[in-house]
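In what follows, chains carry the letters A, B, and so on, assigned in the order in which the sequence lines appear, proteins first and then strands, with residues in each chain numbered from 1. From a predicted model like this one, the values you see are computed outputs, not experimental measurements.
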Number of protein chains: 2
Amino acid sequence: MNLKQLSTMLQLSQTTVSRALNGYPEVNEETRRRVMEAAKRHGYRPNPSARRLATGKAGMIGYVMPTGAAVDIDPHFVEFLSGLGDYARGHELDLVLSPADAQDEETTYRRIVANKQVDALYISAPRAADSRIALAHQLGVQFIVHGRSEGLDFDYPYIDIDNEGAFHDATRLLVQLGHKRIALINGDDTQTFAIFRERGVRRALLESGLALDLRHIRSEVMIEENGYRAARSLLEASDAPTAIVCSSLIMALGVVRAARDLNLSLPGDLSLVSHDDVFPWLKPEHFSVPLTTTRSSIRAAGARVAERLAARISGLEDGARGEVWPVDLVVRGSIAGAR
Amino acid sequence: MNLKQLSTMLQLSQTTVSRALNGYPEVNEETRRRVMEAAKRHGYRPNPSARRLATGKAGMIGYVMPTGAAVDIDPHFVEFLSGLGDYARGHELDLVLSPADAQDEETTYRRIVANKQVDALYISAPRAADSRIALAHQLGVQFIVHGRSEGLDFDYPYIDIDNEGAFHDATRLLVQLGHKRIALINGDDTQTFAIFRERGVRRALLESGLALDLRHIRSEVMIEENGYRAARSLLEASDAPTAIVCSSLIMALGVVRAARDLNLSLPGDLSLVSHDDVFPWLKPEHFSVPLTTTRSSIRAAGARVAERLAARISGLEDGARGEVWPVDLVVRGSIAGAR
DNA sequence: CCCGATTCCCAAAGCGCTTTAGATACAGCC
DNA sequence: GGCTGTATCTAAAGCGCTTTGGGAATCGGG
């Protein structure tokens with residue numbers, strides 16, 4: 001069933017039917033009702049390719065997905081995706097994933113924009129002065145960044161969580177508990193979220209006259225193994241920290257394992273705070289010692305990104321508003337006063 | 001730069017240029033060379049919407065993604081996606097995710113097929129007599145199932161791992177080590193993979209004159225918490241198992257935690273084998289006691305699915321061939337002879 | 001009662017590509 | 001020389017939708 005068939009069936013022109021369906025004002029309400037009703041009854045659905053060709057709009061949002069043998073998509077992505085899906089589902093928005101060589105994402109960005117395959121895209125895991133953001137900005141495509149970059153000479157729309165504040169607060173709490181040697185096991189420090197987190201820790205320590213010892217910082221891809229290694233090397237050193245702040249629950253698994261291997265008990269010998277992105281399949285309250293966390297749902301962020309993207313597409317939103325979400329600090333058994 | 005511009009620039013008709021570019025035989029090789037060269041030099045790229053409208057082909061593969069408040073996309077999906085991406089990247093294949101209400105995926109399937117939004121789709125996590133497979137079959141769209149269903153009265157193309165064989169072999173090894181009470185902590189048993197796994201365990205036990213005690217089976221969504229609960233309830237019972245076979249590394253985390261809480265040591269008091277889908281961020285060799293696993297890369301499966309999907313789209317593959325991959329049994333420190 | 005403004009609708013022209021149905025030219029054959 | 005074949009290219013017709021540029025009623029005001 002296409003427009004033509006529907007319109008001859010209704011004894012109307014394609015123009016009128018199209019307008020009736022798309023809510024244009026120059027059509028009689030009674031006619032519109034008839035058209036709407038007939039469309040529904042016959043299950044008419046406009047062909048998206050045709051519409052796309054005519055309007056230049058795609059009705060999809062895009063994501064350039066870095067891939068490659070050396071690239072692991074991390075599990076945060078799937079949670080974010082769930083969130084996107086939650087919103088998109090109700091709005092018949094589809095999501096196009098364009099896999100790109102991690103070494104050369106630019107080509108793919110240019111391709112999908114030139115092809116008008118998507119109306120808007122989102123950019124995740126930004127780095128300092130992120131070139132993808134600059135590119136999207138320059139290409140004039142609608143986009144939203146999940147996270148923030150730094151050192152770009154223009155504003156852009158983003159949503160981010162208050163990484164600095166979260167890690168500041170967590171660290172301050174540890175300091176208040178009497179800890180002096182506090183270590184940070186961070187994610188890949190080319191990513192801005194990691195930079196902000198380090199900044200938060202540093203600021204909290206500074207406020208108490210302490211300083212973040214460079215030897216007490218580790219930055220690695222957030223996998224269990226790296227959490228273990230980092231913790232191990234920190235805890236075996238002579239000036240071992242009495243508290244660790246950790247950027248991910250998955251790394252925290254490694255930290256707990258390291259502590260156990262070294263016969264250190266939580267929170268007696270070591271206090272641990274981790275950031276929690278709220279994975280349904282791994283919860284901080286179900287660690288052998290329930291973990292104190294800074295918590296922010298990455299899934300909720302996904303839904304919000306989709307919502308704003310949709311708003312931008314339909315022209316309800318513009319400008320470069322940044323949105324920063326506060327982060328909960330949830331205290332559980334993994335922290336205690338320093339001995 | 002569109003076809004028309006390119007063709008007037010070359011003093012050729014659109015037809016000829018189009019044919020030259022698409023490799024049709026009825027064009028002079030010399031002309032083709034000229035056209036190709038000019039296209040490259042001017043960065044001409046056919047508009048996908050127009051092409052789609054004209055051919056009815058989409059150049060994309062689709063996935064209907066169940067979402068909803070109660071639905072968590074599990075982290076296996078992201079690994080699978082990485083694999084799809086690995087292949088798709090080199091072939092300019094994009095992937096469309098269509099979020100659907102988990103209660104009513106059918107509508108979405110019908111929509112994307114009717115709209116010709118995708119050339120082919122893949123179906124994951126099949127259940128017994130899976131209605132999505134039946135629907136895709138009936139709608140005549142190209143598809144591949146990742147996993148297998150049972151009880152469908154037609155053949156369909158799939159790729160699956162030998163779940164039954166893997167769990168059979170793992171169980172047999174435990175039996176050979178002298179274990180008599182072996183428990184299974186399985187995934188959601190409406191999914192066929194779980195059914196096959198249980199079958200494997202059951203068969204191995206039967207072969208040794210043992211039987212799988214119903215009280216020694218647990219089937220739950222594969223999250224850490226459920227692994228813990230299941231293990232706890234199994235191990236606290238009077239006829240506690242001496243060995244556990246577990247369907248996922250994430251659940252195995254919970255099993256290990258439960259054992260520790262109950263002061264049971266691995267492998268002294270309890271042998272543990274888990275299935276490992278090969279997550280980069282959580283590896284069985286990095287458990288406090290390295291885990292014996294049945295191993296199969298879900299990422300490799302993703303790449304293979306993409307490859308076959310592409311082959312089907314271009315007509316290189318048809319029919320209903322099923323592919324079953326063998327699974328490695330990797331022995332590490334978490335198993336020992338029964339006391 | 002006439003006229004301009006409104007209201008409602010239509011025909012037709014695109015959007016950029018593929019493909020059908022020919023055209024043209026040249027060779028080979030009887 | 002006329003005819004069939006083959007190679008090469010073209011004009012034009014879609015694909016299904018949106019949108020431009022009117023046209024025909026209808027209406028209110030002078």
Side-chain angles (χ1 to χ4, degrees), chain A residues 1-36 38-39 42-60 92 111-119 313-315, chain B residues 1-36 38-39 42-60 92 111-119 313-315:
Chain A
M1 169 69 51
N2 57 24
L3 227 211
K4 193 170 185 176
Q5 293 170 32
L6 187 64
S7 59
T8 60
M9 159 173 306
L10 282 164
Q11 312 254 55
L12 284 170
S13 74
Q14 295 191 34
T15 313
T16 304
V17 177
S18 170
R19 283 182 171 150
L21 259 21
N22 292 312
Y24 282 68
E26 56 268 81
V27 46
N28 192 318
E29 274 313 317
E30 162 60 16
T31 318
R32 188 193 304 281
R33 213 195 39 69
R34 261 180 66 217
V35 172
M36 293 289 224
H42 294 87
Y44 167 76
R45 306 193 127 282
N47 175 318
S49 301
R51 168 176 258 165
R52 213 164 297 164
L53 182 57
T55 61
K57 297 259 163 203
M60 307 210 198
E92 288 210 3
R111 186 190 98 215
I112 64 177
V113 171
N115 287 353
K116 299 198 174 153
Q117 272 175 325
V118 300
D119 294 326
I313 291 173
S314 54
Chain B
M1 168 69 48
N2 59 22
L3 226 212
K4 192 168 185 179
Q5 294 170 31
L6 187 64
S7 60
T8 59
M9 159 173 307
L10 283 164
Q11 312 254 54
L12 284 170
S13 74
Q14 295 190 35
T15 313
T16 304
V17 176
S18 171
R19 282 182 171 151
L21 258 21
N22 292 312
Y24 283 68
E26 56 269 80
V27 44
N28 191 318
E29 274 312 318
E30 162 60 16
T31 317
R32 187 193 304 281
R33 212 196 38 67
R34 260 181 66 218
V35 172
M36 293 289 222
H42 294 87
Y44 168 75
R45 305 193 127 283
N47 175 318
S49 300
R51 166 174 259 164
R52 211 165 298 164
L53 181 57
T55 62
K57 298 259 164 204
M60 307 211 203
E92 287 209 1
R111 185 189 99 215
I112 65 177
V113 170
N115 287 352
K116 299 200 173 148
Q117 272 175 324
V118 300
D119 295 326
I313 290 173
S314 55

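Of the inter-residue distances, the one linking Tyr44(B) atom OH with Asn2(B) atom CG reads 7.0 Å to the nearest 0.5 angstrom. Taking CZ of Arg45(A) as the reference point, atom CG of Leu21(A) lies at 11.0 Å (rounded to 0.5 Å). Rounded to the nearest 0.5 Å, atoms CZ (Arg19(B)) and OH (Tyr24(B)) are 8.0 Å apart. To the nearest 0.5 angstrom, Gln14(B) atom CD is 10.5 Å from Gln5(B) atom CD.
Residue Thr15(B) places its side chain closer to dT10(D) than to any other of dC9(D), dT10(D), dC9(C).
Summarising the geometry, the separation between CG on Asn115(B) and C1' on dC17(D) is reported as 13 Å, rounded to the nearest angstrom. The interatomic distance linking Gln11(A) (CD) with dC10(C) (C1') rounds to 14 Å, in whole Å. Leu10(A) has its CG atom 14 Å from the C1' atom of dC9(C), to the nearest Å. With rounding to whole Å, Tyr24(A) atom OH is found 7 Å from dT19(D) atom C1'. One interatomic measurement links the two molecules: CZ of Arg34(B) to P of dT8(D), which rounds to 14 Å at whole-angstrom precision. Atom P of nucleotide dC17(D) and atom CG of Leu21(A) are separated by 10 Å, given to the nearest angstrom. Distance Lys57(B) NZ to dT19(C) C1': 15 Å, rounded to the nearest Å.
Applying the side chain to side chain donor-acceptor pair (under 3.5 Å) rule to Glu29(B) yields the partners Arg32(B); only residues at least two apart in sequence or on another chain are considered. Annotation: salt bridge (charged side-chain N to carboxylate O under 4.0 Å, His left out) contacts of Arg111(B) (sequence neighbours excluded): Asp94(A). Listed by chain and residue number, Leu6(A), Leu12(A), Val17(A), Arg34(A), Val35(A), Ala38(A) satisfy the side chain to side chain contact (heavy atoms under 4.5 Å, CB included) test with Leu10(A) (two or more places apart in sequence, or in another chain). Arg33(B) pairs by the salt bridge (charged side-chain N to carboxylate O under 4.0 Å, His left out) definition with Glu30(B), not counting sequence neighbours. With sequence neighbours left out, the side chain to side chain contact (heavy atoms under 4.5 Å, CB included) criterion links Ser13(A) to Thr15(A), Thr16(A).
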Could you go through nucleotides 4-7 of chain D and list every protein N or O atom that sits under 3.5 Å from one of its N or O atoms, giving the distance for each pair?
none

Nucleotide N/O of nucleotides 14-16 of chain C paired with protein N/O under 3.5 Å:
residue	atom	partner	partner atom	Å
dG16(C)	N2	Ala50(B)	O	3.4

Between protein and nucleotides 22-28 of chain C, what N or O pairs are separated by less than 3.5 Å?
none

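An angle of 60°, rounded to 10°, separates the two end axes of the helix from dC1(C)-dG30(D) to dC30(C)-dG1(D), each defined over five pairs.
Looking at Asp119(B) and Met60(B), their side chains never come closer than 4.5 Å, going by heavy atoms from C-beta outward. Between Met9(B) and His42(B), the closest side-chain pair of non-hydrogen atoms falls below 4.5 Å.
In terms of phosphate contacts, Thr16(A) brings no side-chain nitrogen or oxygen within less than 4.0 Å of OP1 or OP2 of dC9(C).
No contact: Gln5(B) has no heavy atom under 4.0 Å from any strand. Within 4.0 Å (heavy atoms only), Glu29(B) reaches no atom of the nucleic acid at all.
Formation of a donor-acceptor pair under 3.5 Å by the Ser7(B) side chain with backbone atoms of Leu3(B) is found in this model.
Sorted by first and then second residue, the salt bridge (Lys or Arg N to Asp or Glu O under 4.0 Å) pairs involving residues 1-13 of chain A (not counting sequence neighbours) form an empty list. For residues 46-59 of chain A, the set of pairs meeting the side-chain hydrogen bond (donor to acceptor under 3.5 Å, both in side chains) definition, not counting sequence neighbours, comprises Asn22(A)-Arg51(A).
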